[in-house]
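Data block below; observations after.
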Amino acid sequence: MSSTAPAGARGDRLRKPLIASLILNLFLIGAAGGWILSHHRGPPPAQDGGGEIGHWLRNLPESRREEVKAMFDASREARRERRAEIHAARDAAILALEARPFLPAALEEALRLIREQGEALTSDAHRDLMAVVGRMTDAERAAYAEQLRRPPPMRGGQTPPPPRPEGGGRPPAP
């Protein structure tokens, strides 16, 4: 016994709902992917001295940022050379990983150079920060400390964590 509908009729009835379902699924996947890309970009790229020192430098009062900028401009070439040495050491580390036979000493040396040059960049930024903070008035330092207590602005409208209590440290557990 056969059905009374022609063989192609059943497929024709399902074709439009299946196409609509496919289009809706593609739209939803695209919307979810777009949201993820716009809200979860990962950590910011490290600047000279890494992310933490960057936070301290970005929160300096505007007038004092100019002083740090002048110091950074004066040491630009030295920082450029250190970064070039870090990039060369990274390349050497990758080559050491690929080497046959593997030579752990070559990788260790490349990683040591990366660490030392990174520490030197951080040390230079700390020195410049300390020089500027040392010239601040008591009121400027107090305002700077208050600015550092505020959480950095967050992307995507997320609520920042509560401010740190006076004297630093972690906020009490809820």
Side-chain angles (χ1 to χ4, degrees), residues 30 32-165 167-171:
W35 183 86
I36 289 170
L37 289 176
S38 67
H39 289 83
H40 298 283
R41 296 185 189 272
Q47 303 295 318
D48 287 345
E52 181 64 22
I53 189 68
H55 172 72
W56 286 78
L57 295 172
R58 280 187 302 277
N59 282 289
L60 277 169
E62 190 66 39
S63 61
R64 298 299 182 167
R65 273 189 240 160
E66 293 301 319
E67 292 178 47
V68 171
K69 184 180 179 309
M71 293 173 155
F72 275 30
D73 288 346
S75 63
R76 177 177 287 135
E77 190 57 38
R79 286 191 340 270
R80 184 175 291 136
E81 289 172 12
R82 287 192 197 281
R83 283 192 305 268
E85 289 178 28
I86 290 172
H87 291 297
R90 284 181 185 153
D91 291 341
I94 291 169
L95 290 174
L97 288 169
E98 296 172 333
R100 300 286 184 258
F102 173 64
L103 301 172
L107 178 60
E108 181 65 31
E109 176 63 14
L111 293 175
R112 182 189 63 76
L113 288 171
I114 292 169
R115 182 185 69 247
E116 287 177 357
Q117 293 303 319
E119 288 172 355
L121 283 170
T122 301
S123 178
D124 292 347
H126 286 180
R127 181 195 63 235
D128 294 345
L129 176 65
M130 285 302 301
V132 169
V133 170
R135 289 190 295 271
M136 286 181 169
T137 65
D138 291 342
E140 285 177 312
R141 281 194 308 279
Y144 182 42
E146 184 59 34
Q147 181 66 25
L148 288 168
R149 276 193 191 96
R150 293 188 186 132
M154 300 184 78
R155 294 186 213 169
Q158 297 171 338
T159 304
R164 293 181 181 201
R170 293 182 176 259

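Just so you know, these numbers come straight off a predicted model, no measurement behind them.
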Task: Gap separating the CD atom of Glu85 from the CD1 atom of Ile114, nearest 0.5 angstrom - done: 11.5 Å
Open item on the list: Quick check: closest heavy atoms across Leu60 and Met136, and the distance to 0.1 Å?
Closed with: CD2-CE, 3.4 Å
Could you tabulate the donor-acceptor pairs under 3.5 Å formed by side-chain atoms of residues 86-110, not counting sequence neighbours?
| from | atom 1 | to | atom 2 | distance (Å) |
| --- | --- | --- | --- | --- |
| Glu109 | OE1 | Arg112 | NE | 3.0 |
| Glu109 | OE1 | Arg112 | NH2 | 3.2 |
| Glu109 | OE2 | Arg112 | NH2 | 2.4 |

- [ ] For the pair Arg65 and Lys69, evaluate side-chain contact (heavy atoms from CB on, under 4.5 Å) and give the outcome as yes or no after the intermediate values.
- [x] CA-CA 6 Å; Arg65 273 189 240 160; Lys69 184 180 179 309; over 6 Å; no
- [ ] Applying side chain to side chain donor-acceptor pair (under 3.5 Å), name anything that partners Ser123, two or more places apart in sequence or on another chain.
- [x] none
TODO: Mark yes or no for whether Tyr144, through its side chain, and Trp56, through its backbone, hold a donor-acceptor pair below 3.5 Å.
DONE: yes
Task: Atom pair CG/CD of Asp73 and Glu66 - distance to nearest 0.5 Å - done: 9.5 Å
Open item on the list: Return the NE2 to CG distance between His126 and Leu57, rounded to the nearest 0.5 Å.
Closed with: 8.5 Å
Task: Residues that Gln147 engages under side chain to side chain donor-acceptor pair (under 3.5 Å), provided they are two or more places apart - done: Asn59, Arg150
Task: Rounded distance (nearest 0.5 Å) linking atom CE of Met71 with atom CG of Asp124 - done: 11.5 Å
TODO: Output yes when a side-chain donor or acceptor of Arg82 lies under 3.5 Å from a complementary backbone atom of Gln117, and no otherwise.
DONE: no
Task: Exercise: identify the closest heavy-atom pair between Arg64 and Thr137 - done: NH2-N, 4.4 Å
Open item on the list: Any salt bridge linking Glu140 with Arg135? Criterion: basic side-chain nitrogen under 4.0 Å from a carboxylate oxygen.
Closed with: no
Open item on the list: Does any part of the side chain of Arg115, heavy atoms only, come nearer than 4.5 Å to the side chain of Glu119, both counted from C-beta?
Closed with: yes
